[in-house]
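All chains are named by letter (A, B, ...) in the order of the sequence lines, taking the proteins before the strands, and each is independently numbered beginning at 1.
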Amino acid sequence: MARVRPLSGYPEWTPAERVVESQLIESLRETFRLHGFAEIETRAVEPLDRLAGKSDAAKEIYTLGRLGAEPDAESKVGLHFDLTVPFARYVEEFQHALAFPFKRFQIQKVWRGERPQEGRYREFYQADIDVVGRESLPAHLEVEVAVVMARALAALPVPAATMRVNNRRLVEGFYRGVGIDDVAGALRSVDKLDKIGADGVRAELTGKGVSDTAADAVLELARISARDAGFVEAVEDLWATTPTIDDVDGPQAELREGLAQLVALVEGVNAAVPGTAIADLRIARGLDYYTGSVYETFLAGHEDLGSICSGGRYDSLVAGGGFPGVGMSIGVSRLVSRVIGADLARASRAVPTAVLVAVTDEATRATSNEVADALRARGIATEVAPAAAKFGKQIQYADRRGIPFVWFADSGEVKDIRSGDQVAADAASWEPPAEDARPRIVTD
RNA sequence: GUGGCUAUAGCUCAGGUGGUAGAGCACCUCGUUGUGGUCGAGGGGGUCGCGGGUUCAAGUCCCGUUAGCCACCCCA
C-alpha cells in the first residue's frame, strides 16, 4: 500500500473547513432563492463532441471510460468543465418543461485539467446564475443578475467585492465607428492590456490592420472608468474628437445604446450594494460570444486571486439561436480557499454537536441516551460520550471538538465548558443559546 | 504544455566538507484514583518520496523517476 499523498488540484477540507465551505454555499443558495432563482443539478458528464465543441478548452477536458472497455474504444463522454455547457444542453432538452424567461442557479463541481496552484484547481465548485429568455430578453435582466451576485457576495464573510463592468454594444459600436472590422480580434488584444501594456496592445492592433488613430482611440477608450454615469461624458468627448467612418449612424446608435445600458447597470448595482460596481471600459473578456454586459469581480485586498465572479450577456445559449441569456459564475472553491487560507473566517466548531452527554458508567449509559434523545427531540444536536472515562477525559473530548456543553445525567446538570458555569437543567426544556445551536462562521 | 524550487516523525522543520537519524508542536501514560485547558515527569512513533550508481560506509555525492509548491499560459 503506497503512502497517501496529496493529489494536486483536488482540494479536500477538514471538517471545520468544510463547515466554512458549506455555509458559504448555503448563503449563496439563500440569496439566489430570495431572488426567485430555481435550483437545478445536471449530470457530471456530457457527450464529448458537445463539450469539445467550444474553442481550445478541449485539451483540459477529462474523459471518462471503463477500465474494462475495449483497448481501442473511444471515450464518448467527459466531465463538464463549466456549468454553462451542461445548462445549454439542459435547456434544449427540457425546454418543453421550462417557463421562460427561466431563472436558474446551479452550484456544482466542475473539472479542468489545468496546472494547479493557489486558487486554481482541477476539481472545484462553481455557482452559476443565468436568466434565459425565449427569442428575447430585456436588458434590465443584465442589471438584475449583477445585483443578485453583488448581494450574494456582500452576504459572505469576505472583504468588499468590486464588480468591473463593461458593455459589448458600446465597445462594438465604438470600434466599428473608428473603422475596425475585426472587433473580436481587437477585443482579444485589449484584453491583454495588463500583460503587454499599452504599447504592446497598440502594436498588436496595428499588426491586425487597425489604423494608428483608431488604435489610439481604442486605448483611450480603455482608459476610461467611473463609479457612476461620469464615463458617458468621457466617451462622448472621445467620440467627438476621433475620426470615424463615413456611414457612422449604425455604430453610433449601437454605442449610445451600450452607453445607456452600462449607465443603468452601474447605477442599478450601486443602488443595491453601494460602491460595488465600476464601469471599466477596458474589461473585454476573451470569450467572443458575449454581446452585451460583461462582468468581472475582484475582492478588495485579494486582487491577486483574479476574478472570483464573472460572466456576461449572450445572444443564444443554444446553437441555432432563440435563447438569449445573461449569466454570472462564482468561483466558489477559489473563494473558499482564500477565506480559509487567509483566515478571513472560520467555523465555531468542527462538529454539529452542541451537547455531549457524559456517561458515568456503562451500566447507566441508557440514562445518558435518554437525556440525549430528549434533547434531540427538540432539535438540539447531541452525542453521548463514547466511553465512561473520567469526567475530565469526557470534558476534554468535548473541548477538542468545540462542543460547548457537557451534560451530567447523574446530577442533572449542564456545564458550559467555555465559562465553566454548571447549572441544574431539565432535558425536556433546556435550550442552548441560539448561536451555539449549530456550527457557525465566525470572523474577527 | 514551459520554467524554477522542494521531498527527513502525524504537522513545521534541523541534520557544514559522507561515519548507522534529531527538535518543537501534536498524541499516549502518570503526577491529579470521576470535572478538562496550565505545569512537571515519562512514553510510542521514521522503508530519510521511489529506483539505480559511486564508496569500506549515503539522509548527505551523482543519474533517473514520481509527487508537491510557485511562476507563465489560461481561466473561477
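- Across all strands shown, Tyr121(A) has heavy atoms under 4.0 Å from base atoms, whether or not it also approaches the sugar-phosphate.
- For the segment residues 421-429 of chain A, residues with any heavy atom less than 4.0 angstrom from an atom of RNA chain B are, sorted by number, Gln422(A).
- Both the sub-6.0 Å distance and the 45° axial angle are satisfied by Arg401(A) relative to the ring of Tyr397(A).
- No donor-acceptor contact under 3.5 angstrom links the side chains of Gln106(A) and Asp128(A), judged on distance only.
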key: Candidate pair Thr353(A) and Glu383(A), rule side-chain hydrogen bond (donor to acceptor under 3.5 Å, both in side chains), full reasoning   = CA-CA 6 Å; Thr353(A) 318; Glu383(A) 58 180 301; 2.7 Å; yes

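- One interatomic measurement links the two molecules: CD of Glu114(A) to P of rC69(B), which rounds to 14 Å at whole-angstrom precision.
- Here the separation of rU35(B) from rA41(B), taken at their P atoms, is 25 Å to the nearest Å.
- Using a 4.0 Å cut-off on heavy atoms, the residues of residues 323-338 of chain A that approach RNA chain B are Gly331(A), Arg334(A), listed by number.
- In this structure, Phe405(A) has its ring center under 6.0 Å from that of Trp430(A).
- Judged by distance alone, the side chains of Gln95(A) and Tyr90(A) never bring a donor and an acceptor atom under 3.5 Å apart.
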Write out a two-atom table: protein N or O, nucleotide N or O from nucleotides 41-45 of chain B, distance below 3.5 Å.
none

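- Annotation: rU8(B) and rU60(B) have their C1' atoms spaced 11 Å apart (nearest Å).
- Here the two rings, on Phe102(A) and Phe323(A), have centers that are 6.0 Å apart or farther.
- Taking atom CG of residue Leu83(A) and atom C1' of nucleotide rC75(B), one finds them 14 Å apart after rounding to whole Å.
- At a threshold of 4.0 angstrom between heavy atoms, the contacts of Ile308(A) are confined to the sugar-phosphate backbone, with no base atom among them.
- Stems are defined here as 3 or more consecutive Watson-Crick or G-U wobble pairs with pairing distances under 3.5 Å; those involving RNA chain B are B:1-7 with B:66-72, B:10-13 with B:22-25, B:27-31 with B:39-43, B:49-53 with B:61-65.
- Between Tyr314(A) and Tyr289(A), the two ring planes are perpendicular [angle over 60°; tilted spans 30° to 60°].
- Side chains of His35(A) and Arg151(A): a donor-acceptor N/O pair is present below 3.5 angstrom, by distance only.
- Between Phe105(A) and Phe37(A), the distance separating the two ring centers is not shorter than 6.0 angstrom.
- Sorted by first and then second residue, the salt bridge (Lys or Arg N to Asp or Glu O under 4.0 Å) pairs involving residues 323-340 of chain A (not counting sequence neighbours) are Glu118(A)-Arg338(A), Asp304(A)-Arg338(A).
- The CZ atom of Arg115(A) sits 7 Å away from the P atom of rG1(B) (whole-angstrom rounding).
- Computed from coordinates, the Arg400(A) CZ to rU35(B) P distance equals 17 Å when rounded to whole Å.
- Of the C1' atoms belonging to rU38(B) and rA76(B), the separation is 46 Å, rounded to the nearest Å.
- For Gln396(A), the listed nucleotide lying nearest its side chain is rG36(B); candidates were rG36(B), rC70(B), rU33(B).
- Phosphate contact (OP1/OP2 of rC69(B), side-chain N/O of Ser8(A), threshold under 4.0 Å): present.
- Phe81(A) has its CZ atom 17 Å from the P atom of rC74(B), to the nearest Å.
- With hydrogens and angles ignored, a donor-acceptor pair under 3.5 angstrom links the side chain of Asp399(A) to the base of rG36(B).
- In this structure, Arg418(A) places its CZ atom 18 Å from P of rG36(B), rounding to the nearest Å.
- Residues Glu142(A) and Ser293(A) have side chains that bring a donor and an acceptor to within less than 3.5 angstrom of each other.
- A cation-pi geometry, defined here as NZ or CZ lying under 6.0 Å from the six-membered ring centre and within 45° of its normal, does not hold between Arg122(A) and Tyr62(A).
- Residue contacts for Lys415(A): at a heavy-atom cut-off of 4.0 Å it reaches a base atom on one of the strands shown.
- Straight-line distance between the P atoms of rA26(B) and rU20(B): roughly 31 Å, to the nearest whole Å.
- Not one side-chain nitrogen or oxygen of Lys192(A) sits closer than 4.0 Å to the OP1 or OP2 atom of rC75(B).
- With 3.5 Å as the limit, one finds a donor-acceptor pair spanning the side chains of Thr14(A) and Glu17(A).
- Residue Ser310(A) places at least one side-chain N or O closer than 4.0 Å to OP1 or OP2 of rA76(B).
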request  = For Glu296(A) and Ser307(A), run side-chain hydrogen bond (donor to acceptor under 3.5 Å, both in side chains): C-alpha distance rounded to whole Å, both residues' side-chain angles, the deciding distance at 0.1 Å, then the answer.
outcome  = CA-CA 6 Å; Glu296(A) 288 193 355; Ser307(A) 176; 5.1 Å; no

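- For Phe408(A), taking side-chain heavy atoms from C-beta onward, the closest of the listed nucleotides rG36(B), rA76(B), rU35(B) is rU35(B).
- Going from atom CD of Glu12(A) over to atom C1' of rG68(B) covers 15 Å, rounded to whole Å.
- The separation of rG51(B) from rU32(B), taken at their P atoms, amounts to 50 Å, rounded to a whole angstrom.
- Heavy atoms of Gly306(A) sit nowhere under 4.0 angstrom from any nucleic acid atom.
- Within the structure, every pair that satisfies the salt bridge (Lys or Arg N to Asp or Glu O under 4.0 Å) test and touches residues 272-281 of chain A, not counting sequence neighbours, is listed here: Arg164(A)-Asp280(A).
- Going from the C1' atom of rG46(B) to that of rA14(B) covers 15 Å, rounded to whole Å.
- Separation of the C1' atoms belonging to rG10(B) and rG19(B) is 30 Å when rounded to the nearest angstrom.
- Put simply, CD on Gln126(A) is 10 Å from C1' on rC75(B), counting in whole angstrom units.
- No more than 12 heavy atoms of other residues, nucleotides or ligands lie within 6.0 Å of CG in Asp181(A), so this atom counts as exposed by the packing criterion.
- Remark: the separation of the P atoms in rG15(B) and rU54(B) is 28 Å, to the nearest Å.
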